[in-house]
Amino acid sequence: MNTKIIKTNSMNEMETAKNAAMIWDYTYDQDFKVGFTNEKGDLIIPHKYNECLYINKGIALVTVNGKCRMINSKDETICEYDTIHPDFTTQVGDKFGLISCRGELICEPKYDKVNPSFDNDMFAVGLGDKWAIAVEQERLVTPFKYDNVKYLGFNNMAGVCIGNKWGFVDHEGREVTDFIYDNITSFHSVWKVYINDRWGLVGEAGKELCQIKYDNIADTDYNADKDTPILVKYYDRYGFINIRGEEVIPLRYDYAYAFVGDRAVVRVGGLWGIINQNGEFVVEPQYDVAHFSASNEWESNIIVAKDDKWGLIDWQGNILCELMYDNIQQYFDYYYKKYFFIKLGGKEGLISNSGNTLLPPIYDEIIIDNPEYIRLRIGDKWGFTHNFTYTSEIKYDDVEADACGLVTVRIGDKWGLNHISRYAPNWEYSCNLEDDGKIKEVLECKYEDINKKFNYVALLLDNKWSYINVSLNDGSVRVLCDHKYDYMLCTSKGFAIVMRDNKWGHINSEGKEIYGLKYDDAYGFVQQMEYNPSGSQFYNLNIAGVCLNGKWGFINEQGELICDLKFDSVAIWHSDMDGYSYEAYLGKKIYTLSRAGEFVERR
């Protein structure tokens, strides 16, 4: 069998020798070979591996010579296979096995399929189209008879299927239930089971905890307390059971939502109220509409409506926002669940989670680009607000989306620039705190076009481009070069591409040409990243692509060629995680930049 297992004391050493040099991180050399460092950054394993897939407690999973290998900090091989998958199933040819995250052998790669569990104390192996349950070190506790398996080891059992019916086996392979369930799913510390369109709960050893009679048993937050009542529906009535299957709040509601914290919103006789976990009304049924504003108790208030007027209350029923609006909808953002859109007379506004008015309902459209920058429209004119403290005039035909510090604005076909003080991160720019958030018109709307990168701005006036720098602190303008270019595009670190009389070049952050205009084409400066199959990492080399006589090469920030003009074409590729970097093409080969500053063929 094409597998290699070297049994040494290395794994025990890794557990006990905490002061020894351990694999902590990995690096690449100029040829994109992987080496490993300790916590201090010292290289302890040389650059010789193709890829690092995993590091945990001094163990690394690497690829080399077409194989997957686990190594320790002494560069000793713990195990090696054709493939080691992310779930630690192993593969040799078309056969599968299983190892632990430390490389310890659990079962040899001799099965057609393997289904691991969280701790691999109970797992499944397959031959042909049948599964068997195994425990510990490949001890089979059932024959190969099951058509499907899931939730291995949950509650010390496994869900197994014969035909289209599910049942359970325990850790010793005993079938503890009949095969009667149409579906099963894990649910906190028990199981939800489904028969003939009805749900119930099953606990340890396959014991049914309640009658399988419910139309639905609602999922709850896995962070919820184990004693939090669970919402159930039985025909047209709603109530709550506990994790033991006991009905703790009777089936007496016309409708109900699951508990958020220790409160649930319920409907009785067409009106909504709020109950606690004892089923007692904290807020008597009185609202035509009521629902939580968020699923997390520390963020939730309750949106309510009565007689077609909407407002906001807290968990105790205290009114945070009077019932006066035509509608209220929460603005949902993963990080900022704290704004509510309000509507009144066809106009929009915003209130806070505590019911305070942030923007009065006078706008035809509100667009929240981020919690600090919000665009506003009245009629066909636009403006914007920063932190709800300062709002621009609503006079523009267009304002920039998701602006940061500097906002491009348009009146008619002319563009201008506004400045928001102290918008930039405070670790980068000092500022006068008294001016926090103030909006200042930096450039009137007279320019034919504007493009910018951070606080460097290119301006087109009378068909010629100029270059300025705008202080993100106070909005002051410094002219870097006057209107003299036919084309200009801002790029990284204050550089810009420029063109005049069909010759291309670059200017720096002072507006100076770094080598004159001599190329037939040029791309912008891009902060380079190291390419590797596991992801991309920044390193500090800023380069730009240039073309002369149909051949491309690259220059550094000083305008010096770092490689010959030899490539057929170049392109900027994008990583969603990290940004942009250059690729170069010669024939069918692709080249990327190494740490040594050389373009090397990607392998």
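From a predicted model like this one, the values you see are computed outputs, not experimental measurements. Note that these values count all heavy atoms, side chains included, but never hydrogens, waters or copies made by symmetry.
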Asks: Which atom names give the shortest non-hydrogen contact between Gly383 and Ser392, and what distance separates them?
Replies: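 In terms of heavy atoms, the two residues are closest at CA-OG, 3.3 Å.
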Asks: How far apart are the C-alpha atoms of Val289 and Trp310, what are their side-chain angles, what is the distance that settles it, and do they pass the side-chain contact (heavy atoms from CB on, under 4.5 Å) test?
Replies: CA-CA 9 Å; Val289 176; Trp310 293 69; 3.8 Å; yes
Asks: Does CD in Glu365 sit with more than 12 non-hydrogen atoms of other residues, nucleotides or ligands closer than 6.0 Å?
Replies: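 Check passes, neighbour count above 12.
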Asks: If only atom types and distance count, is the side chain of Asp520 paired as donor or acceptor with the main-chain N or O of Asn549 below 3.5 Å?
Replies: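 Checked: pair present.
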Asks: Provide the closest heavy-atom pair for Gly524 versus His506 in the form atom of the first, atom of the second, distance.
Replies: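 Scanning both residues completely, I find the closest heavy atoms to be CA-NE2, 4.3 Å.
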Asks: Measure from the side-chain N and O atoms of Asn301 to the backbone N and O of Asn353, and report whether any donor-acceptor pair falls under 3.5 Å.
Replies: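 At least one qualifying donor-acceptor pair exists.
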Asks: Is any side-chain heavy atom of Val266 less than 4.5 Å from a side-chain heavy atom of Phe281?
Replies: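 Contact flag for Val266/Phe281 side chains = yes.
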Asks: By the definition ring pair (Phe, Tyr, Trp, His ring centres under 6.0 Å), identify the one residue from Tyr487, Tyr515, Tyr523 that meets it with Trp504.
Replies: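 One option only clears the test, and that one is Tyr487.
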Asks: Less than 4.0 Å between a side-chain N and a carboxylate O, is that true for Arg478 and Glu510?
Replies: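 Salt bridge: yes.
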Asks: Any donor and acceptor pair, going by atom type alone, linking the side chain of Lys440 with main-chain N or O of Asp474 inside 3.5 Å?
Replies: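 A pair under 3.5 Å: yes.
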Asks: What I want to check is whether the side chains of Asn387 and Thr389 have a donor and an acceptor closer together than 3.5 Å.
Replies: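 Judged by distance alone, the side chains do not pair up.
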Asks: To the nearest 0.5 Å, what is the distance between CD1 on Ile303 and CZ on Phe340?
Replies: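 Atom-to-atom, Ile303:CD1 and Phe340:CZ are 5.0 Å apart.
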Asks: How close do Thr228 and Gly261 get, counting heavy atoms only, and between which atoms?
Replies: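 Of all heavy-atom pairs spanning Thr228 and Gly261, the closest is CG2-O, 4.4 Å.
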Asks: For the residue pair His483 and Tyr447, does the interplanar ring angle fall in the parallel (under 30°), tilted (30 to 60°) or perpendicular (over 60°) class?
Replies: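 If you compare the ring of His483 with that of Tyr447, the planes turn out parallel.
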Asks: Does Asp364 have more than 12 heavy atoms from other residues, nucleotides or ligands lying within 6.0 Å of its CG?
Replies: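 Buried by this count: over 12 neighbours within 6.0 Å.
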Asks: Nearest 0.5 Å please: distance from the CG atom of Asp314 over to the CD1 atom of Ile302.
Replies: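 Taking CG in Asp314 and CD1 in Ile302, the distance rounds to 7.5 Å.
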Asks: Look at the aromatic rings of Tyr339 and Phe388 and report parallel, tilted or perpendicular, splitting at 30° and 60°.
Replies: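 Tyr339 vs Phe388 ring planes: perpendicular.
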Asks: Is there a side-chain contact (heavy atoms from CB on, under 4.5 Å) between Val457 and Ile450 once you walk through the steps?
Replies: CA-CA 7 Å; Val457 184; Ile450 291 178; 3.7 Å; yes
Asks: In Å, rounded to the nearest 0.5 Å, how long is the span from CG of Asn508 to CG of Leu480?
Replies: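 Asn508 atom CG to Leu480 atom CG measures 8.5 Å (nearest 0.5 Å).
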Asks: In Å and rounded to the nearest 0.5 Å, what is the CG to CG distance from Asn455 to Asn473?
Replies: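 Taking CG in Asn455 and CG in Asn473, the distance rounds to 11.0 Å.
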Asks: One pair to check against side-chain contact (heavy atoms from CB on, under 4.5 Å): Val546 and Leu561. What are the steps and the verdict?
Replies: CA-CA 9 Å; Val546 292; Leu561 282 169; 4.2 Å; yes
Asks: Between Cys52 and Tyr26, what is the shortest heavy-atom contact and its length?
Replies: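 Looks like SG-CD2, 3.7 Å.
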Asks: Do Ile374 and Leu376 come close enough that some side-chain heavy atom pair is under 4.5 Å?
Replies: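 Yes - at least one pair of side-chain heavy atoms lies under 4.5 Å apart.
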Asks: Strictly by modelled atom types, are Glu400 and Tyr373 linked by a side-chain donor-acceptor pair under 3.5 Å?
Replies: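 Not at all, the side chains of Glu400 and Tyr373 share no donor-acceptor pair under 3.5 Å.
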Asks: Can you see which heavy atom on Gly511 is nearest to which on Tyr467, and at what distance?
Replies: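 Reported closest heavy-atom pair: CA-CD2, 4.3 Å.
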Asks: With heavy-atom distances below 4.5 Å as the criterion, would you say the side chains of Asp449 and Trp465 are in contact?
Replies: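 Contact flag for Asp449/Trp465 side chains = yes.
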Asks: Going by heavy atoms in the side chains, are Val283 and Trp272 under 4.5 Å from each other?
Replies: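 No, too far: nothing below the 4.5 Å cut-off.
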Asks: Among Tyr257, Tyr287, Tyr255, exactly one meets side-chain contact (heavy atoms from CB on, under 4.5 Å) together with Arg267. Which residue is that?
Replies: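 Of the listed options, the one satisfying the test is Tyr255.
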Asks: Give a yes or no on this: more than 12 heavy atoms of other residues, nucleotides or ligands lie within 6.0 Å of atom CG of Asp308.
Replies: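 Atom CG in Asp308 is not packed in, count stays at 12 or less.
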Asks: If only atom types and distance count, is the side chain of Asn451 paired as donor or acceptor with the main-chain N or O of Met488 below 3.5 Å?
Replies: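 Yes, the answer is positive, given that a donor and an acceptor are paired below the 3.5 Å cut-off.
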Asks: What is the distance from atom CZ of Phe384 to atom CD1 of Ile439, rounded to the nearest 0.5 Å?
Replies: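 These two atoms lie 4.5 Å from each other.
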Asks: Charged N to carboxylate O below 4.0 Å: is that the case for Lys395 and Glu441?
Replies: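 Yes.
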Asks: For Trp382 and Ile367, what are the C-alpha separation, side-chain angles and deciding distance, and is it a side-chain contact (heavy atoms from CB on, under 4.5 Å)?
Replies: CA-CA 11 Å; Trp382 288 88; Ile367 300 176; 3.7 Å; yes
Asks: Measure the shortest side-chain to side-chain distance between Arg263 and Ile275 over non-hydrogen atoms and say whether it is less than 4.5 angstrom.
Replies: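 Sidechains of Ile275 and Arg263: no contact.
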Asks: Within a radius of less than 6.0 Å around CD of Gln286, do more than 12 heavy atoms belonging to other residues, nucleotides or ligands occur?
Replies: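 Yes, the 6.0 Å shell around CD holds more than 12 heavy atoms from other groups.
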Asks: Are the side chain of Ser471 and the backbone N or O of Ser476 linked by a donor-acceptor pair below 3.5 Å?
Replies: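 Side chain of Ser471 to backbone of Ser476: no pair is present.
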Asks: Do any N or O atoms from the side chain of Thr37 and from the backbone of Asp42 form a donor-acceptor pair under 3.5 angstrom?
Replies: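 No, Thr37 side chain to Asp42 backbone: no donor-acceptor pair under 3.5 Å.
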Asks: Tell me, yes or no, whether the heavy-atom count around Glu448 atom CD, taken from other residues, nucleotides or ligands under 6.0 Å, exceeds 12.
Replies: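 Correct, the count exceeds 12.
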Asks: For the CG atom of Leu548 and the NZ atom of Lys518, what is their distance to the nearest 0.5 Å?
Replies: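 Going from the CG atom of Leu548 to the NZ atom of Lys518 covers 8.5 Å.
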Asks: State which residue, out of Tyr591, Trp552, Tyr582, Tyr585, fulfils the ring pair (Phe, Tyr, Trp, His ring centres under 6.0 Å) condition with Phe567.
Replies: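 By the ring pair (Phe, Tyr, Trp, His ring centres under 6.0 Å) criterion, Phe567 pairs with just one of Tyr591, Trp552, Tyr582, Tyr585: Tyr591.
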Asks: Taking Lys306 for the side chain and Leu323 for the main chain, is one N or O donor matched with an acceptor at less than 3.5 Å?
Replies: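 Here the side-chain-to-backbone pair does not exist.
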Asks: Side-chain contact test, heavy atoms from C-beta onward, threshold under 4.5 Å: evaluate it for Ile555 versus Tyr519 and give yes or no.
Replies: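 Answer yes - side chains close enough.
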Asks: Can you name the nearest heavy-atom pair linking Glu557 to Asn542, along with the distance?
Replies: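 Taking Glu557 first and Asn542 second, the nearest heavy atoms are OE2-CB, 3.0 Å.
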Asks: Side-chain contact test, heavy atoms from C-beta onward, threshold under 4.5 Å: evaluate it for Asp397 versus Lys381 and give yes or no.
Replies: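 Side-chain contact under 4.5 Å: yes.
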Asks: Has Arg500 got a side-chain atom pairing as donor or acceptor with Asn502's backbone, closer than 3.5 angstrom?
Replies: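 Pair absent, no side-chain N/O of Arg500 close to backbone of Asn502.
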Asks: Would you say Lys343 has more than 12 foreign heavy atoms packed within less than 6.0 Å of its NZ?
Replies: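 No - once you tally the heavy atoms of other residues, nucleotides and ligands closer than 6.0 Å, there are 12 at most.
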Asks: Within a strict 4.5 Å, meaning less than it, do heavy atoms of the Asp326 and Lys309 side chains meet?
Replies: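 The answer is yes; the side chains approach within 4.5 Å.
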Asks: Are Lys33 and Asn50 linked by a side-chain donor-acceptor pair shorter than 3.5 Å?
Replies: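 Looking only at side-chain atoms, Asn50 and Lys33 do form a donor-acceptor pair, the distance falling under 3.5 Å.
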